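A quick write-up on the structure given underneath.
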Amino acid sequence: MIPATLKASVVFDWPASPGWTAGSPSAGQTFTQNFTSVNPNDITVAINNSGSGAQGMIFNGGYPQISASPVTGGFSGVQGLQLYASSSQSFGTYIRTTVTFDTPVINLSFQLWDVDAVAGQFVDKISNIQALSGVTVVGPDSVTSAVAGYNTISGTGLSTVVLGTSNATNTTNQGTITITFNGPITQFSFDWSNNDPALGQQAIALGPLTYTPVPEHNTACLSLNLCLAAILFERLRRRRSLRSVIA
């Protein structure tokens with residue numbers, strides 16, 4: 001067995017400074033930003049607006065942004081990646097958020113805040129929740145609501161869909177959902193869209209990420225193990241040769 005370097009659980013808190021500096025993607029655009037504040041996992045975030053489509057969701061001025069408001073998940077002073085849209089240009093447009101880790105992680109858990117609805121304005125829809133494990137696309141291991149009555153969860157794995165059902169207060173955890181991936185994974189993503197024909201103003205936020213980096217093999221120990229194996233093999237070979245001569 002090859003010894004491994006054990007890693008402790010990591011919490012990635014979104015940095016207030018410099019925050020999100022990549023800007024607001026229009027329809028068909030993807031804007032990307034790298035975060036290097038966590039060791040050993042650099043994190044890259046890509047925000048895409050409706051694939052390569054000509055119509056998309058319209059971000060409110062200054063969004064996306066990293067801040068502790070207007071959506072808080074019930075926390076005080078905790079930064080979230082705030083996604084705030086003033087409207088959608090057509091039904092079916094979406095914002096896809098993709099988070100990529102520099103090295104694999106296990107036991108990933110994160111929250112989406114304020115997944116809710118206001119009739120005649122918006123119904124938050126979270127779909128295409130997935131992760132990359134090697135070259136295999138996998139669905140979440142669990143998706144749960146913090147408080148009943150503000151959203152519904154249907155399906156499992158890659159078919160999981162979350163829909164807002166009633167208005168949650170922005171400064172509480174009423175609309176919070178928690179998503180987990182057991183892993184190991186190197187990337188996860190989800191789509192956020194408006195399931196109300198009115199296509200009005202809506203907002204959610206992605207909270208801190210908690211995960212465990214996959215243990216890395218200790219190369220020094222690996223070399224030592226290989227050397228010991230070679231010595232043992234040579235001794236066995238010599239013993240067999242000696243027995244053959246005696247026989």
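All figures in this text were calculated on a predicted structure; none of them were measured in a lab.
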Leu81 with Met57, same ILVMFWY side-chain cluster at under 4.5 Å: yes

- request: Find out whether Ile153 and Thr160 are in side-chain contact, i.e. whether some heavy atom of one side chain is under 4.5 Å from a heavy atom of the other.
  value: yes

message: Nearest 0.5 Å, please: how far is CG in Asp141 from OG in Ser109?
response: 11.0 Å

- prompt: Under the 3.5 angstrom rule, does the side chain of Ser50 hit a backbone N or O of Tyr94 as a donor-acceptor pair?
  reply: yes

- request: To the nearest 0.5 Å, tell me how far Thr97 OG1 sits from Ile204 CD1.
  value: 6.5 Å

message: I'd like to know if the side chain of Gln121 reaches the main chain of Gln201, judged simply by a donor and an acceptor atom lying under 3.5 Å from each other, with no hydrogens or angles considered.
response: yes

field: Derivation of the side-chain hydrogen bond (donor to acceptor under 3.5 Å, both in side chains) call for Thr44 and Asn34
entry: CA-CA 4 Å; Thr44 301; Asn34 184 245; 3.0 Å; yes

- request: May I ask whether Val99 and Val71 are part of the same hydrophobic cluster, defined by side-chain heavy atoms of I, L, V, M, F, W, Y residues being less than 4.5 angstrom apart, directly or through others?
  value: no

- prompt: If only atom types and distance count, is the side chain of Ser67 paired as donor or acceptor with the main-chain N or O of Ser69 below 3.5 Å?
  reply: yes

message: Closer than 3.5 angstrom, by distance alone: can the side chain of Gln89 be matched with the main-chain N or O of Gly56 as a donor-acceptor pair?
response: yes

message: Quiz question: by atom type and distance under 3.5 Å, do the side chains of Thr180 and Ser142 form a donor-acceptor pair?
response: yes

- line: Nearest heavy-atom contact between Val143 and Val162 is CG1-CG2, 3.9 Å

message: Checking the side chain of Gln33 only, and the main-chain atoms of Thr21 only, is there a donor and an acceptor separated by less than 3.5 Å?
response: yes

field: Atom pair CG (Asn151) and CG (Asp116), whose distance is rounded to the nearest 0.5 Å
entry: 8.0 Å

message: Check for me whether the distance between the ring centres of Phe35 and Trp14 falls short of 6.0 Å.
response: yes

field: Ser86 side chain to Asn60 side chain, donor-acceptor N/O pair below 3.5 angstrom
entry: no

query: Thr103 and Asn41: side-chain donor and acceptor closer than 3.5 Å?
result: yes

- line: ring pair (Phe, Tyr, Trp, His ring centres under 6.0 Å) pairs touching residues 46-72, sequence neighbours excluded, are Tyr63-Tyr84

field: CG on Leu163 to NZ on Lys125, rounded to 0.5 Å
entry: 6.5 Å

field: Distance in Å, Thr210 OG1 paired with Phe12 CZ, rounded so as to fall on 0.5 Å steps
entry: 11.5 Å

field: Single-linkage hydrophobic cluster Leu206~Val38, side-chain heavy atoms < 4.5 angstrom
entry: yes

- line: salt bridge (Lys or Arg N to Asp or Glu O under 4.0 Å) pairs touching residues 170-199, sequence neighbours excluded, are Arg96-Asp191

field: Single-linkage hydrophobic cluster Phe31~Phe188, side-chain heavy atoms < 4.5 angstrom
entry: yes

- request: Report the distance from atom CD1 of Ile185 to atom CG of Leu108, rounding to the nearest 0.5 Å.
  value: 4.5 Å

query: Looking only at atom types and distance, does a side-chain atom of Asn167 sit under 3.5 Å from a main-chain N or O of Val118, one as donor and one as acceptor?
result: no

